[in-house]
Amino acid sequence: MTEKNHPTDEAEMEQGPTPVKDTLVQINEELSQITSEAATALEDDTFREWTKTFNGISNQLADEMIRTAVVGPIKSGKSTFVNAFLGGDYLKRGAGVITSVVTRIRNGDRFEAALFFKSREEINLEIDRSIMMTAFENRFPENSFDIMNDDAREWLKKEIEEIDPDAKITGDALNINILSLQNYLKGYERVKDIIAGTSRNLVFSDDAFGKHKIYVADDSLAVYLKDVCLTVPADAVDSRMEIADCQGSDSPNPMHLSLIENYLFGTAHIIYVISSRTGLRRADITFLNIIKKMGFIDRILFVVNIDFNEHESVRELSTLLDKIRDDLSYITKTLDLFAISSLFNLFKTSPDSLSDKDRMRFSAWRDEQGLPDFSDTETERFNACFANKVMTNRYATIYETAAERLTIAAAGLQKRLRIHKDLILNESGSADRMIQKIKDSRRETDMIKSMIKSTIDGSVKDIKKKLGTNTDSFFDPQSGPVLPKLLKFIDNFTVSEPDLNNETDDSGFMNALYQAFEELKQGLDRYIAENVNPEVLRFIQEQERFVRASLETIKAPYEGMVRKHIGMFDQIPEETAVTSKNDSPNTIVFPKIKSARFSVDSGFPPASTPMQYSIRVKTEAVFHAGVYSILDFFRNLIQKPPEKVRKGKTKGIKRGVRQVKRETAESVRMHYKDYRENLKYQYLYKFSDRMGERLHNDLIEQFRFLDGDLSDLTGKITENRIDKKRGIELLTKTEAGVSTCLDRLKEIMTSAEDRSKTP
């Protein structure tokens with residue numbers, strides 16, 4: 001964002017996230033270089049294993065991503081805020097509401113926009129669902145719709161043109177299914193070559209970067225998009241941070257809300273944008289309660305996006321801010337609220353490129369006192385707060401684990417170097433006795449390793465069993481916390497009573513049933529997005545915490561065992577050792593068991609998956625059982641007196657709605673059953689395996705300094721293949737380098753611990 005404070009002195013620089021990463025990367029490179037040189041000079045392959053460890057840590061530092069989601073209602077100014085934050089007009093402002101795309105932005109050396117399109121199969125499936133939810137006179141003759149089939153598109157175009165006008169309205173808005181179908185047809189010619197290709201993506205770089213806005217802003221093109229990732233040179237974010245401009249939380253399509261929920265599940269920070277024109281609305285309260293149910297409310301920074309034209313003075317604006325604070329206090333007690341004019345900040349990034357109209361507005365604002373100055377002060381305050389949160393969270397989620405792993409490896413490396421030094425300085429007889437004692441110690445080490453593995457394997461097996469029980473209970477349709485309420489919602493849902501007085505043919509009756517089903521599905525999708533998905537995502541987090549807590553309980557006693565055994569080892573060579581133990585402190589670090597969420601390749605099933613219960617086979621079941629069986633009943637009414645016809649129509653509609661509800665409820669049950677099994681086998685069980693592997697590796701890593709055949713080293717010394725003087729010089733220098741790295745790592749971890757204790 002504009003007016004960003006760029007720290008200049010060393011103390012200030014340490015407050016940002018990048019210096020910590022740079023220091024860890026530098027330490028990692030130094031230790032990797034040390035092990036590589038030691039492996040060659042000392043002819044010890046054990047050092048090469050440490051090199052692999054350091055390479056893995058390097059990949060971890062490079063691959064991890066801190067994600068920030070910018071959310072809020074439609075037209076609250078999210079895109080303008082992101083543009084101002086990044087320092088350029090990169091995102092299309094005021095994009096349509098039909099697209100479900102979350103636009104991700106990352107830092108890079110050049111401007112690049114990568115647009116990823118849905119596959120042909122995904123497009124056809126979405127169109128199939130919309131067709132099944134629309135009261136067309138005729139069903140599509142083929143088994144499934146194909147967007148690339150000319151006859152299929154002509155059929156769809158004709159059906160949309162001939163549909164009853166009343167069927168194009170749901171509630172007080174255009175029917176979202178028909179709107180989606182129209183956009184698919186309208187945009188097809190412009191994207192047909194892309195979706196027919198193998199890569200299904202477009203990349204706009206450098207001068208062509210701005211062309212991506214064409215696809216995002218046009219609903220008929222955006223409907224084909226699956227993902228958008230922009231890369232821009234921006235000082236506001238470093239190379240391992242992603243900021244996402246999310247779809248409006250009050251989108252008329254509940255599926256969009258579920259996609260936002262999916263993205264929020266992987267975020268470290270949430271920036272919630274509120275328009276000063278509207279203040280806090282009902283849609284805001286609804287969405288914030290969803291975030292609270294997910295357990296993410298403490299991740300939010302609230303930004304009131306100021307519209308200078310709406311407010312006379314800072315005092316008048318402050319009254320609004322006080323009200324917003326009071327309203328938010330009912331949702332969260334920890335509140336970070338900032339008032340910023342995103343448009344004013346955006347104008348400041350490139351004043352020379354503004355249009356005449358914008359230049360006049362900017363000039364008038366800049367000359368004012370009060371609101372612009374207030375916005376500048378709030379902008380600086382936001383930047384400082386956000387930078388601090390990023391720094392703290394980044395260390396907690398990425399750097400802490402890397403620092404701990406580096407410390408373990410460096411401590412083991414230090415012990416190995418000390419063994420080499422003692423062996424070289426001792427006479428061969430003493431060296432042989434020392435090696436024999438190390439071998440004796442290693443036999444006990446192997447027993448401990450075996451115990452660790454069997455205990456962890458057994459614990460993971462028990463954890464999986466408990467996870468299975470927990471998941472089955474959570475998704476139980478009779479006694480679980482969500483499905484009984486969901487099924488009750490379906491049973492109690494009341495559809496609007498249609499006017500059938502003037503309907504005398506099958507189509508009018510079918511339209512009424514379709515509208516009833518559409519109303520039910522929209523209400524059900526909204527209920528799932530607002531009530532079920534947050535509970536499911538919170539349940540997943542609870543199971544992750546259960547796995548970590550369970551493993552922590554078995555980690556503690558083994559930590560003590562490892563410490564005791566390594567302490568005993570330090571006393572083994574005492575009678576023959578030449579080096580001082582005080583020069584090489586017994587450093588033992590056990591990393592905290594962090595979440596392995598993003599290391600599980602398949603990931604958890606998206607929250608939107610259960611909302612896809614209305615796939616073709618299930619929807620066909622609804623209409624075969626619900627609609628067509630009622631038509632015969634309806635036709636029998638035609639020759640009866642008007643009063644009986646009216647009552648019969650109403651009775652027929654009610655019967656059809658009941659059947660639709662039954663079929664929908666059964667479809668929901670089946671889909672949550674599938675979701676339950678996918679969650680267990682594709683995510684939770686894999687998560688447990690990965691966490692168990694991580695704990696095992698962390699504990700076993702402590703013993704690596706004993707690996708390899710040390711007796712071979714005495715032979716090399718005896719044969720003068722290793723020059724003692726040169727070897728001692730190398731080891732002394734190398735050990736000093738490792739000690740320096742350990743001291744620097746200790747400073748990083750101590751500093752981070754102190755920051756975590758600061759309110």
Side-chain angles (χ1 to χ4, degrees), residues 1 17 64-86 90-91 93 95 97 99-107 216 226-230 232 234 236-238 240-251 255-275 283-284 286-305 328 331-332 336-338 340 342 382 385-387 389-390 392-394 397-398 529-530 533-534 537-538 540-541 595 597-598 603-604 606-608:
M1 191 167 292
E64 294 283 2
M65 184 71 66
I66 293 291
R67 292 174 172 84
T68 298
V70 179
V71 299
I74 297 169
K75 302 298 183 182
S76 59
K78 298 183 298 298
S79 298
T80 305
F81 172 85
V82 174
N83 282 333
F85 182 78
L86 297 175
Y90 306 134
L91 296 172
R93 289 179 277 147
V97 300
T99 176
S100 60
V101 174
V102 172
T103 302
R104 300 176 293 114
I105 307 101
R106 299 179 177 182
N107 190 9
V216 175
K226 185 175 184 178
D227 189 23
V228 176
C229 185
L230 308 182
V232 300
V237 294
D238 67 32
R240 305 319 305 165
M241 178 179 170
E242 177 179 283
I243 186 166
D245 180 22
C246 296
Q247 174 60 279
S249 56
D250 55 345
S251 166
M255 184 67 74
H256 295 177
L257 178 56
S258 72
L259 293 172
I260 297 173
E261 292 168 341
N262 288 340
Y263 188 83
L264 290 181
F265 194 65
T267 59
H269 313 286
I270 301 170
I271 298 173
Y272 196 97
V273 181
I274 303 167
S275 172
D284 293 298
T286 299
F287 188 47
L288 288 171
N289 276 315
I290 290 172
I291 296 175
K292 187 174 183 178
K293 289 178 184 177
M294 293 171 68
F296 297 161
I297 198 71
D298 58 344
R299 302 181 187 182
I300 297 182
L301 292 177
F302 293 94
V303 172
V304 177
N305 189 23
L328 289 174
I331 300 174
T332 174
D336 292 311
L337 180 69
F338 308 88
I340 295 168
S342 299
F382 170 83
C385 180
F386 182 71
K389 285 185 176 292
V390 169
T392 303
N393 188 275
R394 181 181 289 277
T397 56
I398 297 177
E530 294 182 357
N533 287 352
L537 294 175
R538 183 165 65 178
I540 294 173
Q541 294 177 85
S595 172
R597 178 182 302 156
F598 305 113
F604 64 94
S608 57

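- To the nearest 0.5 Å, atoms CG (L257) and OG (S249) are separated by 7.5 Å.
- Inter-residue side-chain proximity for S275 and K75 is flagged as unmet; no heavy-atom pair is nearer than 4.5 Å.
- One finds the NZ atom of K292 at 7.0 Å from the CD1 atom of I331 (value rounded to the nearest 0.5 Å).
- Here the side chains of T286 and N289 are not in contact, with every heavy-atom distance at 4.5 Å or above.
- Between R299 and T267, the shortest heavy-atom contact is NH1-O, 2.5 Å.
- Note: D298 CG to I291 CD1 = 11.0 Å, rounded to the nearest 0.5 Å.
- Using a 4.5 Å heavy-atom cutoff, the side chains of P534 and R538 are not in contact.
- In this structure a side-chain-to-backbone donor-acceptor pair under 3.5 Å is missing from K78 to V273.
- Aromatic ring centres of F338 and F386 lie farther apart than the 6.0 Å criterion allows.
- In terms of heavy atoms, P73 sits closest to D250 at CA-OD1, 3.3 Å.
- Annotation: side chain of L230 is in contact with side chain of L91 (closest heavy-atom distance under 4.5 Å).
- Under a 3.5 Å cut-off, the side chain of N305 and the backbone N or O of S342 do form a donor-acceptor pair.
- For the pair I271 and F85, the minimum side-chain heavy-atom distance is 4.5 Å or more.
- Between the CD1 atom of I105 and the CG atom of L86 there is a distance of 6.0 Å, given to the nearest 0.5 Å.
- If you check the side chains of E242 and Y263, you find a donor sitting under 3.5 Å from an acceptor.
- Residues N533 and S258 have side chains that never bring a donor and an acceptor to within less than 3.5 angstrom of each other.
- Between the side chains of D245 and T103, no donor N or O sits under 3.5 Å from an acceptor N or O.
- Judged by distance alone, with hydrogens and angles left aside, the side-chain atoms of Q247 form no donor-acceptor pair with the main-chain N or O of I260 at under 3.5 Å.
- Using a 4.5 Å cut-off on side-chain heavy atoms (C-beta onward), F265 and I540 make contact.
- The structure places NZ of K293 at 10.0 Å from CD of E261, a figure rounded to the nearest 0.5 Å.
- Here the CG-CG distance, from L259 to D227, works out to 10.5 Å after rounding to the nearest 0.5 Å.
- Aromatic ring pairs are classed by plane angle as parallel below 30°, tilted from 30° to 60° and perpendicular above 60°; the pair Y272 and F302 is tilted.
- Looking at every heavy atom in both residues, F287 comes nearest to L264 through CZ-CD1, 4.0 Å.
- Considering all non-hydrogen atoms of both residues, I290 and A529 come closest at CD1-O, 4.1 Å.
- In this structure, the side chains of I300 and L288 come closer than 4.5 Å at one or more pairs of heavy atoms.
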